[in-house]
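Accompanying notes for the structure given below.
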Amino acid sequence: MRAKTGPKPKYQNLVEAIDAQSIPVPFSGCWIWTGSVNKGYGQLTYEGKHLHAHRASFLAHNPDKTNVEFVCHHCDIRACVNPSHLYDGDVITNRKDMLSRKRWSHPFSRNTTCSKGHIYTETGFRFAKDGSRVCMRCQREHKQMQRALKKGA
């Protein structure tokens, strides 16, 4: 039988809720979320709304920023809710940040052959801006076909 935990505490504001459920880490400056966590990100429910803890912390400490698409971490710690470690971004800045810090790789970046079956170790490849591999032979053939079409037109 489970022990009853009692009623959840009511907080005066969102900042108070963030402070009550996070612990500062002296050497890194991170505030680690001690409440509910999903895939490393803190979760909380405040006034009936389910929020990511880092997003809630950013919005609570930056009330002037209302239309924020993404809240990203400077520190790469998913459970961190320190507002000085958070910044607002969009899909592009979030992807660039992940690629530059080697936290994400394109799903096709581990392939050893291209879609036409050319082996990358034999034909060579380059990385595209999104992190995927581009077959040098396929690229060469595509450019040659483009030139021939342009010359014939």
Side-chain angles (χ1 to χ4, degrees), residues 1-139 142:
M1 186 175 219
R2 288 185 173 184
K4 293 185 179 181
T5 57
K8 292 184 179 181
K10 294 281 183 186
Y11 300 107
Q12 297 295 323
N13 57 38
L14 194 53
V15 174
E16 187 179 308
I18 302 286
D19 290 343
Q21 296 185 60
S22 62
I23 297 173
V25 178
F27 62 89
S28 70
C30 290
W31 300 353
I32 302 300
W33 183 253
T34 59
S36 176
V37 176
N38 183 14
K39 296 182 182 175
Y41 292 101
Q43 309 285 311
L44 81 143
T45 303
Y46 181 76
E47 294 182 352
K49 290 178 84 177
H50 185 73
L51 303 164
H52 281 104
H54 68 285
R55 184 176 181 80
S57 177
F58 181 81
L59 295 174
H61 290 91
N62 298 291
D64 56 320
K65 304 218 177 183
T66 55
N67 194 13
V68 177
E69 189 176 350
F70 277 81
V71 175
C72 306
H73 291 87
H74 286 297
C75 61
D76 280 346
I77 307 297
R78 291 179 177 184
C80 180
V81 294
N82 184 343
S84 65
H85 291 194
L86 305 171
Y87 66 96
D88 64 331
D90 56 10
V91 175
I92 295 169
T93 57
N94 192 37
R95 178 60 55 85
K96 282 182 181 177
D97 182 44
M98 289 189 311
L99 285 170
S100 69
R101 296 177 190 201
K102 308 270 192 260
R103 288 187 289 117
W104 181 85
S105 63
H106 195 280
F108 300 142
S109 68
R110 295 179 198 93
N111 290 354
T112 56
T113 61
C114 73
S115 59
K116 292 185 179 177
H118 302 135
I119 301 169
Y120 287 139
T121 54
E122 295 174 7
T123 62
F125 66 92
R126 68 174 179 79
F127 285 106
K129 288 182 182 178
D130 68 353
S132 63
R133 292 183 182 191
V134 177
C135 175
M136 297 303 284
R137 183 171 170 187
C138 288
Q139 189 175 27
H142 179 71

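Between Phe125 and Phe127, the ring-plane angle classifies as perpendicular under the 30° and 60° cut-offs. In this pair, His73 and Tyr41 present their aromatic rings tilted. The plane angle is within the 30 to 60° band.
Closest of all the heavy-atom pairs between Glu69 and Asp90 is OE1-CB, 3.4 Å. Summarising the geometry of Ser22 relative to Thr34, their closest heavy-atom pair is N-OG1, 3.9 Å, with the distance given to 0.1 Å. Residues Lys65 and Leu59 share a closest heavy-atom pair of O-CD2, 3.4 Å. Val81 and Trp33 make their closest contact through CG1-CE3, 4.0 Å (heavy atoms, listed as atom of the first residue, atom of the second, distance). When all heavy atoms of Leu14 and Ala56 are compared, the pair lying nearest together is CD2-O, 3.6 Å.
Panel note: side chain Arg133, backbone Cys114; no donor-acceptor pair is recorded below 3.5 Å. Distance alone, capped at 3.5 Å, is enough to place a donor-acceptor pair between the Ser100 side chain and the Lys96 backbone. Checked by atom type and distance alone, the side chain of His61 pairs as donor or acceptor with a backbone atom of Ser57 at under 3.5 Å.
A distance of 10.5 Å separates NE2 in His74 from CG in Asn82, rounded to the nearest 0.5 Å. From Thr123, atom OG1 reaches atom NE2 of His118 across 7.0 Å, with rounding to the nearest 0.5 Å. Taken to the nearest 0.5 Å, the SG atom of Cys80 stands 6.0 Å off from the CG atom of Leu86. Considering CD of Gln21 and CG of Leu44, their distance stands at 6.5 Å, rounded to 0.5 Å. To the nearest 0.5 Å, atom CG of residue Leu51 and atom CD1 of residue Ile18 are 8.0 Å apart. Annotation: the span from His52 atom NE2 to Phe58 atom CZ amounts to 15.5 Å, rounded to 0.5 Å.
Side-chain contact between Asn13 and Tyr46 is present, with heavy atoms from C-beta onward closer than 4.5 Å. In this structure the side chain of Arg78 never reaches within 4.5 angstrom of the side chain of His54, judged on heavy atoms.
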> Can you check side chain to side chain contact (heavy atoms under 4.5 Å, CB included) on Arg126 and Gln139, steps first, answer last?
Replying inline: CA-CA 10 Å; Arg126 68 174 179 79; Gln139 189 175 27; 3.3 Å; yes
> Checking side chain to side chain contact (heavy atoms under 4.5 Å, CB included) for the pair Asp97/Arg101: CA distance, chi angles, key distance, verdict?
Replying inline: CA-CA 6 Å; Asp97 182 44; Arg101 296 177 190 201; 2.6 Å; yes
>> Apply side chain to side chain contact (heavy atoms under 4.5 Å, CB included) to residues Trp31 and His85 and explain how you reach the verdict.
In response: CA-CA 9 Å; Trp31 300 353; His85 291 194; over 6 Å; no
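Within a 6.0 Å radius of CG in Asp64, more than 12 heavy atoms belonging to other residues, nucleotides or ligands are found.
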